[in-house]
Amino acid sequence: MLDLNFVRDNLPLVEEKLRQRGMDPAEVLGNFSAIDQERRRDITTLETAKRRRNELSPKIGVLKQAEKRGTLSGDQQKELENLAKAVAAEKSTIEQFELRVREDDEKLLQVLKTIPNLPNESVPIGTSAEQNVEVRRWGAPPKFDFAPKPHWELGEQLGVLDLERAAKISGARFAVYWDLGAKLERALANFMLDLHTKEQGYTEVLPPYMVNSESMYGTGQLPKFASDLFRVPHGERDLWLIPTAEVPVTNLYRDEIIDGARLPISLTAYTPCFRSEAGSYGKDVRGIIRQHQFQKVELVKFSRPEESYEQLEKLTRDAENVLQKLGLHYRVVTLCTGDMGFSSAKTYDIEVWLPGQQLFREISSCSNFEAFQARRANIRFRPEGKSKTEFVHTLNGSALAVGRTWVALVENHQQPDGSVHIPEALQPYMGADRITPKKF
RNA sequence: GGAGAGGUGCGUGAGCGGUUGAAACGAUCCGCCUCGAAAGCGGACAUACCUUAACGGGUAUCGGGGGUUCGAAUCCCUCCCUCUCCGCCA
């Protein structure tokens, strides 16, 4: 969420940034200015009435007490009656305008909540993924003197990926991993967590996989994207399955004031992610690229505003490091204004090369949300030596989506005999140097 | 699931119908003292919103929401959370 005062004072800028995102400012902002002005008028009326009431109340108190003691004169009796009448009048104004202000607040908040974050100046302007800008490439595509297979064929032949039985027990877009396939998932997760915690300075956390609605609002999944989520009925207050560890981990500090000396805070978490993706049926139906449940190692940072872009670069490099150690060819692209997520001010996607499909595929998305999430989730910090609090900047990125890393590893390291070579860095975690075909 | 206790500012913790935005202590910040520091002394110290050119003024906030009252941190209802005991359970 953007700051109300900022939007009011910088309307032309906000409109321009909305256009850059390919949105119609008039449609998003609606009658923002009219609502804002009406709200402020109503607040002033309401508060004036309250002020009068507060001035009159103590006078009534004094007279009432005199009445109790029976020392009330005739004049005072009259005054008391007049005061009571005056307060009653203010009270009806208060009741009326409390209602109106509440409605105004709701209307205004509704507009404010639908305004996406403003893209940073360094973000390329564009309307779709076509205009994303490649910033660097690492490695080279592996050379094969045979036709490399896609992971769903390899997985089946190796006996490590079972989509048929997954469909039987759960449905489409779920997977069962067997034997070394299951172990590969676990090995990748452990490898990534060890890298982040031992070499890159992150602290590991294990959060709940279900969260309440407030948390989903805090990071921006609600109210706009409810249809992408799995909802769990639970008494009066339903819970939600997390679509990413970003949700519980960023909300760790919701409604808190962080000691400035502790920043930046760098956390990593390995969790399953649940996505309903109601709108995406028909896309990526083959294999395990798009699933209702997948596992991901996430990086989350809480940063001072002035160093958040530096932290974004670091975070992105930390994610890239995983691919480098696994010997997987990839490129990094800066998402253009039209392709960026709702809450992000700048996003780098890391795309890994998939030889079985001859294309680059998103495996990580690293974003700086600036104060957008922090304002909504009320995450502040106190700079050293100052009493005034400020909103932190929040960042996160996958490092990496484990399921897609599994895919990339299997496709890139496949051998002519149908086996898959395990990169050296991963061998200690696998206890094997290759996966060979086996029936399940 | 049953019984009880409680949720107050950055923290500990008083207040239990009117002068309490909230005592006291601690933390933090600014002065004084000091070669410097500690200790000591003095002072400052919530947030959001409305209003104002500004100084300032106002409103709200004592877990969330609702109610009683001229007036609520204080009384009532409800929800959430924490703690203690019992039961159940991985």
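Because the structure is a prediction, the values reported are computed rather than measured. In what follows, every chain begins at residue 1, and chains take the letters A, B, ... in the order their sequences are listed.
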(message) Taking any heavy-atom pair under 4.0 Å as a contact, classify A/Arg52: base, sugar-phosphate, or nothing.
(response) nothing
(message) Regarding A/Arg262, tell me which of base, sugar-phosphate or nothing describes its non-hydrogen contacts under 4.0 Å with the strands shown.
(response) nothing
(message) Any strand counts, and the cut-off is 3.5 Å on both contacts for Watson-Crick or G-U wobble. Which nucleotide pairs with B/C89?
(response) none
(message) What is the separation between atom CZ on A/Arg254 and atom C1' on B/C81, rounded to the nearest whole Å?
(response) 13 Å
(request) Report the distance from atom CG of A/Leu239 to atom P of B/C80, rounded to the nearest whole Å. (result) 12 Å
(message) From the set B/G71, B/C50, B/U47, return the single nucleotide nearest to any side-chain atom of A/Thr44.
(response) B/C50
(message) Please classify the nucleic acid contact of A/Asp36 as base, sugar-phosphate, or nothing, using heavy-atom distances under 4.0 Å.
(response) nothing
(request) Write down the distance separating the P atoms in B/G6 and B/C77, rounded off to the nearest Å. (result) 14 Å
(message) Whole angstroms only, please: what is the CD1-P distance between A/Ile257 and B/U28?
(response) 16 Å
(message) Could you identify the nucleotide paired to B/A38, looking across every strand shown and requiring Watson-Crick or G-U wobble geometry with both distances under 3.5 Å?
(response) none
(message) Would you measure the distance from the P atom in B/A5 across to the matching atom in B/A23 and give it in whole Å?
(response) 29 Å
(message) What is the distance, to the nearest angstrom, from the CZ atom on A/Arg51 to the P atom on B/U51?
(response) 14 Å
(message) Let's test this: given Watson-Crick or G-U wobble pairing with both distances under 3.5 Å, identify the partner of B/C45.
(response) none
(request) For A/Arg375, answer base if it contacts any base atom (sugar-phosphate contacts may also be present), sugar-phosphate if it contacts only those atoms, and nothing otherwise; contact means non-hydrogen atoms under 4.0 Å. (result) nothing
(message) Return the pairing partner of B/U82 with a 3.5 Å limit on both distances, Watson-Crick or G-U wobble; otherwise return none.
(response) B/A5
(request) Report yes if the side chains of A/Leu154 and A/Leu161 come closer than 4.5 Å at any heavy-atom pair, otherwise no. (result) no
(message) Please report the distance separating the P of B/G17 from the corresponding atom of B/A73, rounded so that it comes out in whole Å.
(response) 13 Å
(message) Any strand counts, and the cut-off is 3.5 Å on both contacts for Watson-Crick or G-U wobble. Which nucleotide pairs with B/A54?
(response) none
(request) For B/G31 versus B/A24, give the span between their P atoms, rounded off to a whole number of Å. (result) 24 Å
(request) Please state how far atom CD in A/Glu47 lies from atom C1' in B/G57, giving the value in whole angstrom units. (result) 11 Å
(request) Could you let me know what B/G21 is paired to, Watson-Crick or G-U wobble, both distances under 3.5 Å, or none if it's on its own? (result) none
(request) Any strand is fair game: report the nucleotide pairing with B/A14 by Watson-Crick or G-U wobble, both distances under 3.5 Å, or none. (result) none
(message) Test side chain to side chain contact (heavy atoms under 4.5 Å, CB included) on A/Phe381 and A/Glu390; report intermediate values, then the result.
(response) CA-CA 6 Å; A/Phe381 76 103; A/Glu390 278 180 62; 3.5 Å; yes
